[in-house]
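Below is one structure, written out as structure tokens; comments come after it.
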Amino acid sequence: MLRMKTTSVPDQPTLYTYTSRNLLDDPEYYMYSAYSGRDFLRQYASLRHRVAVELENRYIAHLHNHPVGTVASDIPRLLSDWGPLLDVVGGAFCGEVQTIHNAYSRDDRLKDTYGETPDVSVTELDTLPEIPTRQALRSLLLAVVRRDASPDRKLKEWLSRFLTRFEVTKRLYTVYTPTMKRAGRDFHLLTNYALLSLSLVLFYEQTDDLKMLNGALKLNDLLCSAKENINGTEDSFLTISALRKEMENVNRLTSTQGITL
Amino acid sequence: MLAVSSNRTKLYILQMAKHQVLPARVVYMEIPSEGTPESQAVEREAKYGGTTNDGYHGFDLSVPVPDLLETLGIPFVSVDSLDPNSELVVNAVAQCQQSILIYSGPGGAILRKQILSTGKRFLHTHSGVLPFFRGSTTVYYSLLKEGDCGATAFFMDKQIDTGHLIRTQRFPAPQDRTTIDLYYDPLIRSQLLIEVLQEYVRLGEMPVVPQDSLVGDTYYIIHPVLKHIAILAGQMDQTPLESGKRHS
């Protein structure tokens, strides 16, 4: 029987205000941000943890309500699509979820349901007449996970292009022209923000490129601010991974900078 | 000089006055009814006991820019725009007799074709060692990566921090990292500016070196979490604090 995790949470923090409004509707530009001492970082960590736990509870509930073998379960497809990613981020989930992931992965009944999602490779992105954001970001994430060295410069180039789009417009549109002008109007697909955030934080983990961690922090602020709309299995999986990996890397950075909280 | 109201502008003018290399004319951009993000930060700093009116390194930053210019006898024209690419500003710049303008405009602004086509060169001091730290809030990124700061003087072009280089200088990390935005960042820019101007007076020219656009990276406004890490890394006392308690 799956149990919902409960965690006592502190009062609503007042120093970390960057997720208190929906940043998709009302973007944050972070100009001349105030300094508030160590309590700011403690509240940031507390808030991120709280959101990750909340999303994980939803994820667990979904796993519980859609067990292995049922038509409604999209976990097999998720794990099929994201197998390599699971090797990297699987440990970011709580023990119960890890157990479930492992069980799903081993279940023979599911092997026939695994489908192939066509990907566009990183090197192919330059040749497309239009850039479908979700597909492109999925390819970039898998390339980061695989530490695919052959298109390495291309990988950073493409991550930087999407990061620039987000930094300038505070939005990720669902499709772009080859010169990264928006080619559609929709920017509400949270999957894209989670995909880019996770790509950036994992790329930072490998390269110490602070620009990427910086971008992930802003994307995760947006995801946290819109957490009520993160309901799908894949969105939950990606967002929990992005938040936990971000926290892990922020902790690592504070340690190397000699800061104790 | 092309300037907005900011601590950077004030430090530039005060430093130039101190070293007797005053600008011949200033195009001063302002919209009196509008504040800028920096002016809001200055107000916040003053409200919570900052050093706005106490002087910084002997410079009084409380005097409004127009008053400063008048006191020093520097001719200036006010333009009702904060956009360096607006027709008003472009026209005012075009009417300047000088061929080089010191740039102290709004942070993050990019000069476009119209103003660059006036034939003037815009001398800018950026608070980061170029080409490695292009973009915004680079003092913090430099502190996190290298433990120190830097500034670069260059002539602006249509992209972000890619123009021909004049001079680069490294600076130590400030003792007080909590006021970098409002004080230390403008201070190191102004110190480098003076070096460049004094050399210009001496040589009569500003030799430049083009940048390698394939080298370096462009940074975006730093996230508050990373900003806090950069600031806290400079504090001597690293003993853990319980939440809500302060050191005496």
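Worth knowing before you read on, the calculation uses all heavy atoms, side chains too, and leaves out hydrogens, waters and symmetry mates. Per chain, numbering begins at 1; letters A, B, ... match sequence-line order.
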At a 4.5 Å cut-off on heavy atoms, which part of [X] comes close to chain B: side chain, backbone, both, or neither?
X: Y18(A); value: side chain
X: Y30(A); value: both
X: L210(A); value: both

- Who wins among T164(A), T254(A), V250(A) for the most heavy-atom pairs under 4.5 Å with chain B? T164(A)
- Item | For chain B, the option from V168(A), L213(A), D221(A), T256(A) that forms the most heavy-atom pairs under 4.5 Å | D221(A)
Report yes if some heavy atom in the side chain of [X] is under 4.5 Å from a heavy atom in the side chain of [Y]; otherwise report no.
X: I221(B); Y: M31(A); answer: yes
X: D181(B); Y: Y35(A); answer: no
X: D209(A); Y: D217(B); answer: yes
X: F40(A); Y: V225(B); answer: yes
X: E28(A); Y: H223(B); answer: no

Could you check whether any side-chain N or O of [X] sits under 3.5 Å from a backbone N or O of [Y], counting only pairs where one atom can act as donor and the other as acceptor?
X: K211(A); Y: Y220(B); result: no
X: H228(B); Y: R38(A); result: no
X: Q257(A); Y: A230(B); result: no

- Message: If you count every heavy atom of other residues, nucleotides or ligands that lies below 6.0 Å from L189(A) atom CG, does the total exceed 12?
- Response: yes
- Could you point out which residue of Y219(B), Y141(B), Y140(B) forms a side-chain contact (heavy atoms from CB on, under 4.5 Å) with N214(A)? Y141(B)
- Query: Contact part of L144(B) toward chain A, heavy-atom cut-off under 4.5 Å: side chain, backbone, both or neither?
  - Reply: both
- Note on the structure: With sequence neighbours left out, the residues meeting side-chain hydrogen bond (donor to acceptor under 3.5 Å, both in side chains) with E248(A) are K245(A)
